[in-house]
Novice: 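Sharing a structure below in structure tokens format, with a few things to ask.
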Number of protein chains: 2
Amino acid sequence: METKTAPAKRTGGRSALVLGAVKRATEELIEEKGQERLTVPMIAERASVNPTSIYRRWGDLPSLINDIATYRLDPARPLPESGTLRGDLAGWAQEIVAHYRNPVNAALLRGGAAVAGDRESDCLRNRRAEATMFVERHPESELSADRVIDHLVAPIVYRAIFLPWTLDDDTANRLVTELFAS
Amino acid sequence: METKTAPAKRTGGRSALVLGAVKRATEELIEEKGQERLTVPMIAERASVNPTSIYRRWGDLPSLINDIATYRLDPARPLPESGTLRGDLAGWAQEIVAHYRNPVNAALLRGGAAVAGDRESDCLRNRRAEATMFVERHPESELSADRVIDHLVAPIVYRAIFLPWTLDDDTANRLVTELFAS
DNA sequence: CGCTTAATGCAACTCCAATTGCGTTAGAAT
DNA sequence: ATTCTAACGCAATTGGAGTTGCATTAAGCG
């Protein structure tokens, strides 16, 4: 039997323009209207793009929001390399706090939470991968990725979702201190 | 001037029946369809109630879901009184874990997360009140309600939302141990 | 450059969520 | 029992989300 070669994706040019316009429009509107008052046609109009294009690319609104929420923090961005696990985690936590103090990112996170629950659609999976990388880089520490998630990521995310006004400047440092005190 | 007496609310009889039927229908359907595939007319039909009644009571679907998510754990239920803060928190945490291992409650939590972000619509405000009550009952401890939220409630809620399959039997006890180790 | 077809645009259509006005029922108070 | 009116049911309507078929554009590639 003949092997079917995958059709060539077209990622550049106009497609890239549409992608960027849709992402920008979604980020703008999610801040203005909030996650639940958002619709696909609204995004399409703001992006000067046809609604059909959005439906065909993402299927529905929750998938779009989850997609943007997942990749807004670039997975290829440089991560802290301070020489110590504590230093790395402190810098990393500060970055995450700063990220979610942006109302746009907090709203996207809530959208991601709304559609979470299965292994595929976890908009925070990159955080877990990064946590694992940090603890494996410093095997002398006894910290596990699980504990980093539970006592560093979880409190930040919890506050970002439910108590965003409590995400202040020293949240990250306080949590890191408490994590290493145990 | 004459003081306007508030119009008498009608909480019993038919109204109570409608309320109960709507809550039951929502809980059933949110498990079957998930939070984002849910609509008001669907709930109305399942509850044998007119959609108009739901719209007039709650306004929209997010408000309804948030309302149910907030009061599903009865605020008047008995809380642990073991004599020690650690014992109280352990029992309390176990109850919360058990609660969110129920897929219905996890789905409701995700719905509550979707509409969170301001001081009024926090479906977890009762947990914070309970945590405050526990630490105030045992002033000899140095634990603050904030730390209980950060290192006990937040990890449970985070897992319930994003990693529900990791909420196993000893999650609560492990978190309590880690909380008191620091 | 020219070919192929992926991706978008456009328009018409369907379907259902959400609104509104009005009549009916029944909870609460006296 | 009677009154008042909150809460519900019903029906008609509207508005927009989402779908589909076809034409158009342009990205990828030899």
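Convention: sequence-line order gives letters A, B, ...; per-chain numbering from 1.
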Novice: Whole Å only: how far is the CG atom of B:Leu38 from the P atom of C:dC16?
Specialist: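 Interatomic distance, CG of B:Leu38 to P of C:dC16: 15 Å.
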Novice: With a 4.0 Å limit, can you tell me whether A:Ser15 has a side-chain N or O closer than that to the phosphate oxygens OP1/OP2 of C:dA7?
Specialist: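 For C:dA7, neither OP1 nor OP2 has a side-chain N or O of A:Ser15 closer than 4.0 Å.
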Novice: Could you check how far CH2 of B:Trp58 sits from P of D:dA7, rounded to whole Å?
Specialist: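 Checked: the CH2 to P distance equals 12 Å.
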Novice: Quick one: A:Asp60 CG to D:dG16 C1', roughly how many Å, whole number?
Specialist: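 Taking CG of A:Asp60 and C1' of D:dG16, I get 17 Å after rounding.
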Novice: How many whole angstroms separate atom CZ of A:Arg37 from atom C1' of C:dA18?
Specialist: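 Taking CZ of A:Arg37 and C1' of C:dA18, I get 12 Å after rounding.
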Novice: Output the rounded distance in Å from CG (A:Leu17) to P (D:dA27).
Specialist: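 Taking atom P of D:dA27 as the reference, CG of A:Leu17 is at 8 Å.
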Novice: Quick one: on DNA chain C, does A:Arg57 or B:Pro41 contact a more 5' nucleotide (nearest heavy atom)?
Specialist: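 By nearest-heavy-atom nucleotide position, the 5'-most residue is A:Arg57.
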Novice: Taking the minimum atom-to-atom distance to the side chain of A:Tyr55, which one of C:dT8, D:dT19, D:dA11 wins?
Specialist: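 For the A:Tyr55 side chain, the nearest candidate turns out to be D:dT19.
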Novice: Taking the side chain of A:Arg14 as heavy atoms from C-beta outward, which of D:dA17, C:dT8, D:dC10 is closest to it?
Specialist: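 The listed nucleotide nearest to A:Arg14's side chain is C:dT8.
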Novice: On the nucleotide D:dG9, are OP1 or OP2 found under 4.0 Å from the side-chain N or O atoms that B:Ser53 carries?
Specialist: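 For B:Ser53, the contact criterion (side-chain N or O under 4.0 Å from OP1 or OP2 of D:dG9) is met.
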Novice: Quickly work out the B:Ile43 CD1 to C:dC16 P distance and round it to whole Å.
Specialist: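 The answer, rounded to whole Å, is 16 Å.
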Novice: Which part of the nucleic acid, if any, lies within reach of A:Thr11 when heavy atoms closer than 4.0 Å are counted: base, sugar-phosphate only, or nothing?
Specialist: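 Sugar-phosphate only.
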Novice: For B:Arg56 and C:dT20, is the shortest distance between a side-chain N/O and OP1 or OP2 below 4.0 Å?
Specialist: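 Looking at the OP1 and OP2 atoms of C:dT20, neither is under 4.0 Å from any side-chain N or O of B:Arg56.
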Novice: Select from B:Val18 and A:Leu61 the residue whose nearest nucleotide in DNA chain D is closer to the 5' end of that strand.
Specialist: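 Of the two residues, B:Val18 wins.
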Novice: From C-beta outward on B:Asn50, which listed nucleotide comes closest to its side chain: C:dA7, D:dC10, D:dG21?
Specialist: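 The answer is D:dC10.
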Novice: Can you see if the side chain of B:Thr39 gets near the phosphate of C:dA17 - specifically, an N or O under 4.0 Å from OP1 or OP2?
Specialist: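 Indeed, a polar side-chain atom of B:Thr39 lies that close.
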Novice: In whole angstrom, what separates B:Leu19's CG from C:dG27's C1'?
Specialist: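 Those two atoms, CG and C1', are 15 Å apart.
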Novice: Is it true that A:Arg127 and A:Asp122 have a side-chain N and a carboxylate O under 4.0 angstrom from each other?
Specialist: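 Result for this pair is no, no salt bridge flagged.
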Novice: Charged N to carboxylate O under 4.0 angstrom, B:Arg174 versus B:Glu178?
Specialist: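 Result for this pair is yes, salt bridge flagged.
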Novice: Any chance the side chains of A:Asn50 and A:Thr52 put a donor and an acceptor closer than 3.5 Å?
Specialist: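 Yes - a donor-acceptor pair under 3.5 Å links their side chains.
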Novice: Within this structure, what is the CZ-to-P distance between A:Arg10 and D:dG28, rounded to whole angstrom?
Specialist: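 After rounding, the reported distance stands at 8 Å.
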Novice: Checking salt bridge (charged side-chain N to carboxylate O under 4.0 Å, His left out) against A:Glu27, which of A:Arg72, A:Lys33, A:Arg46 comes through?
Specialist: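 The salt bridge (charged side-chain N to carboxylate O under 4.0 Å, His left out) with A:Glu27 is passed solely by A:Arg72 among A:Arg72, A:Lys33, A:Arg46.
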Novice: Would you please say whether a donor-acceptor pair under 3.5 Å links the side chains of A:Arg159 and A:Thr166?
Specialist: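 Judged by distance alone, the side chains do pair up.
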